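The structure under discussion appears below in the form of structure tokens.
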Amino acid sequence: YSLKTARIVIIMCLNNQPSQSKPKDMDKNDAVFATLTNNTTSTTNKKMRILLCSENVPPQVNGIARRVGHYADGLRKMGCEVDLLHPESGFDKVISHVNPWNFTARMMVIVPLHLLKLVANSDPPYDVIHVVLPLNLSGMWILAAFQILRSFSGSCSSSTGSSRQQQPTLVCSWHCNMYNYIQCHVPSFIRPLFEFSFFGGLCGILPYISDRILTPTRATDPKITSMWKGRAGVCETGIQMGKGQGFSPCNKNSKWGLAWTESKQAFLQETGNEFLLVCVGRLSPEKGIDELIKVLASSLKGCSLWLVGDGPHKAQLKLLAKELNAPVQFLGYQKGEALHAAYAVADVFVCPSLTETFGQTVNEALASKVRVALPSVPVFVEAYGHAIPEDAFWEPMDRQSMANAILKQTERQRTCDAVGMPDLDKLKTWDQACEDLYMEYKEASKNHYHLPFTAALFLPLWYIVTFFTAICTMYLAFVRTLFGGSARFYFSTKTKGSTKKIRDSMKNIKDKIQKVSDHQLQQ
């Protein structure tokens, strides 16, 4: 609509508003329009003070850490004051230790005095407390403490505007398909008990101590988000695009791009193949890379694979590729310009994981204008269905379907078909994602949720259980660090080593006895 039409509509809606003072050279309608514009601008420009609590932050390289780093930078760019509480915040705030399940990440236990300081002495008070989950017990304790304070001070959904400003809005974001992880990693005989303990006990209190839950997509872990009964939103994901700034097809012509292109040609010539598939991610069992290698060996003729990343499953994947004689090259962990260029030289990017909450590596491949093939899981269909052809999705756990989807994209690459070529205009920047996050905060602030009496009775027991869980996790991290990552692996290798030494010693003794016997017989 034109500005003139918009002014008429606004004036019609506000014709019952009290008259406002105006400059002499403005008529009444102009004054009403100017007043509304000024009020709207002042509301929009009101920035927040935010506490962002996460165990995953840069320089960690996982997807959650990069997301949190971009959120903090983007919100600050918008004028918000953002404080980060993370494992490296200092001994006066947290006790830090390695994550016993992922040695590239760290965990933390908040110091009780600092928790008390946050709740009682935040000056100026925070507008938003945003806790990044899962398994962030310190963040859960912060949410619970602020919810208790809110309930006792009478600040709930029926409070006045001024009361609501005194107590922060409590938001948590969930970045893991925990249900799928449990199916992959927990033995079936204890799985029901584990699910009940996790979803009903550990996380069952979360909807009562937070106002809103955010997930990277609406399809992320519906078993968790359904517990908030409609108080759920999306924390959008952006991408850093542009030449010299991040992921771009121009990176193919960079110094690293030329080096990777030379390596690509040599690898394809060595393996006698035409197309290079690239997969970027952590080499762990839940990522489904073993399935990709099996399909590569059996059904993807003419394709070779680069695996970019590192992780606990690397040795097993190398052994599998060797056993199947699959054309796979392990490039290890890459970052910066090297990573940007590795995407750009790919013919097709493949992400075989069934447990992603968004798949940031897919976003990075699309920003590099690389064709993509994915499993048809709800998260990927929601996040990328608008950017990837339908036939580039394969049915999960169907190897022939996977092969067909990948070969369809390689054929398009051969013929330079425009179908399947990513459209950069369909991707969000991190600035846009942070603006959407800010609006989610505002939406959450409209209705503060109060703590039910039954949940309040359960809180003391929950605090005790989670405290002991944190202590046990810390000691588990210490033990696993002491034994180089796995006590079971340590003792099994030590036992094997000891057994080999005993066998060698027995063999030497037997040989010596045999030599003595032979010598005596000769005499």
Side-chain angles (χ1 to χ4, degrees), residues 54-70 86-88 98-107 175-176 237 239-240 245-248 251-252 254-264 266-267 276-290 292-293 296 304-322 326-346 349-353 355-368 370 372 477 480-481 484-486 489:
S54 173
E55 291 182 323
N56 297 273
V57 294
Q60 293 181 38
V61 295
N62 59 68
I64 301 176
R66 286 183 290 166
R67 177 189 293 270
V68 170
H70 284 299
H86 56 90
E88 306 301 328
V98 71
N99 184 330
W101 299 282
N102 177 8
F103 275 23
T104 64
R106 298 192 68 80
M107 303 180 77
H175 302 270
C176 177
T237 307
I239 186 69
Q240 190 177 358
Q245 299 179 3
F247 299 92
S248 166
N251 290 320
K252 186 183 294 186
S254 68
K255 179 181 177 181
W256 270 104
L258 296 175
W260 284 133
T261 299
E262 186 177 339
S263 298
K264 169 187 174 180
F267 183 45
L276 178 67
L277 310 179
V278 171
C279 176
V280 179
R282 187 167 182 261
L283 306 184
S284 53
E286 71 276 0
K287 297 297 183 180
I289 299 172
D290 54 341
L292 176 58
I293 293 176
L296 177 70
S304 298
L305 174 65
W306 274 359
L307 288 177
V308 182
D310 209 338
H313 208 44
K314 185 175 181 178
Q316 292 92 321
L317 292 175
K318 279 189 170 183
L319 182 61
L320 177 64
K322 185 176 180 180
V328 182
Q329 202 169 49
F330 291 80
L331 302 188
Y333 167 68
Q334 303 291 332
K335 65 178 181 178
E337 294 180 2
L339 176 62
H340 300 162
Y343 279 105
V345 303
F349 178 84
V350 183
C351 179
S353 174
T355 60
E356 300 299 307
T357 57
F358 183 83
Q360 181 63 4
T361 57
V362 181
N363 223 19
E364 293 165 354
L366 293 174
S368 304
V370 175
V372 172
R480 296 200 69 181
T481 303
S486 170
F489 178 78

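Numbers for residues simply follow the sequence, beginning at 1. Every value quoted in this text rests on a predicted model; they were computed, and no experiment measured them.
In terms of modelled atom types and a separation under 3.5 Å, the side chain of Asn363 and the main chain of Gln240 share no donor-acceptor contact. Side-chain atoms of Gln329 do not come within 3.5 Å of backbone N or O of Ser304 as any donor-acceptor pair. Judged by distance alone, with hydrogens and angles left aside, the side-chain atoms of Ser54 form no donor-acceptor pair with the main-chain N or O of Val57 at under 3.5 Å. With hydrogens and angles ignored, the 3.5 Å screen pairs no side-chain donor or acceptor of Trp256 with any backbone N or O of Ala342. Counting only distance, with no hydrogens or angles, the side chain of Lys264 and the backbone of Leu276 share no donor-acceptor pair below 3.5 Å.
Rounding to the nearest 0.5 Å places CG of Leu331 at 8.5 Å from CZ of Phe267. The line from CG of Asn99 to CE of Met107 is 5.0 Å long, rounded to the nearest 0.5 Å. In this structure, Leu292 CG and Cys279 SG are separated by 6.0 Å, a value rounded to the nearest 0.5 Å. Here Leu277 contributes atom CG and Leu307 contributes atom CG; the two are 10.0 Å apart, rounded to the nearest 0.5 Å. Of the inter-residue distances, the one linking Ile239 atom CD1 with Ser368 atom OG reads 7.5 Å to the nearest 0.5 angstrom. From Asn56, atom CG reaches atom NE2 of His86 across 12.0 Å, with rounding to the nearest 0.5 Å.
The nearest pair of heavy atoms linking Ala65 to Gln60 is CB-O, 3.6 Å. Residues Val362 and Cys351 share a closest heavy-atom pair of CG2-CB, 4.0 Å. His175 and Thr357 get closest at one heavy-atom pair: C-CG2, 3.5 Å. Across all their heavy atoms, Trp260 and Trp306 have their closest contact at O-CH2, 3.4 Å. When all heavy atoms of Asn251 and Ala341 are compared, the closest pair comes out as O-CB, 3.8 Å. Taking all atoms of both residues into account, the shortest heavy-atom contact from Ala326 to Ile293 is CB-CG2, 4.0 Å.
For CD of Glu88, the number of neighbouring non-hydrogen atoms (other residues, nucleotides, ligands) closer than 6.0 Å is greater than 12.
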Please walk me through it: do Thr261 and Lys252 pass side-chain contact (heavy atoms from CB on, under 4.5 Å)? CA-CA 8 Å; Thr261 299; Lys252 186 183 294 186; 4.3 Å; yes
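Applying the side-chain contact (heavy atoms from CB on, under 4.5 Å) criterion to Arg282, with sequence neighbours excluded, gives Asn102, Ser284, Glu286, Lys287, Pro312.
The shortest distance between side-chain heavy atoms of Thr361 and Tyr343 falls below 4.5 Å.
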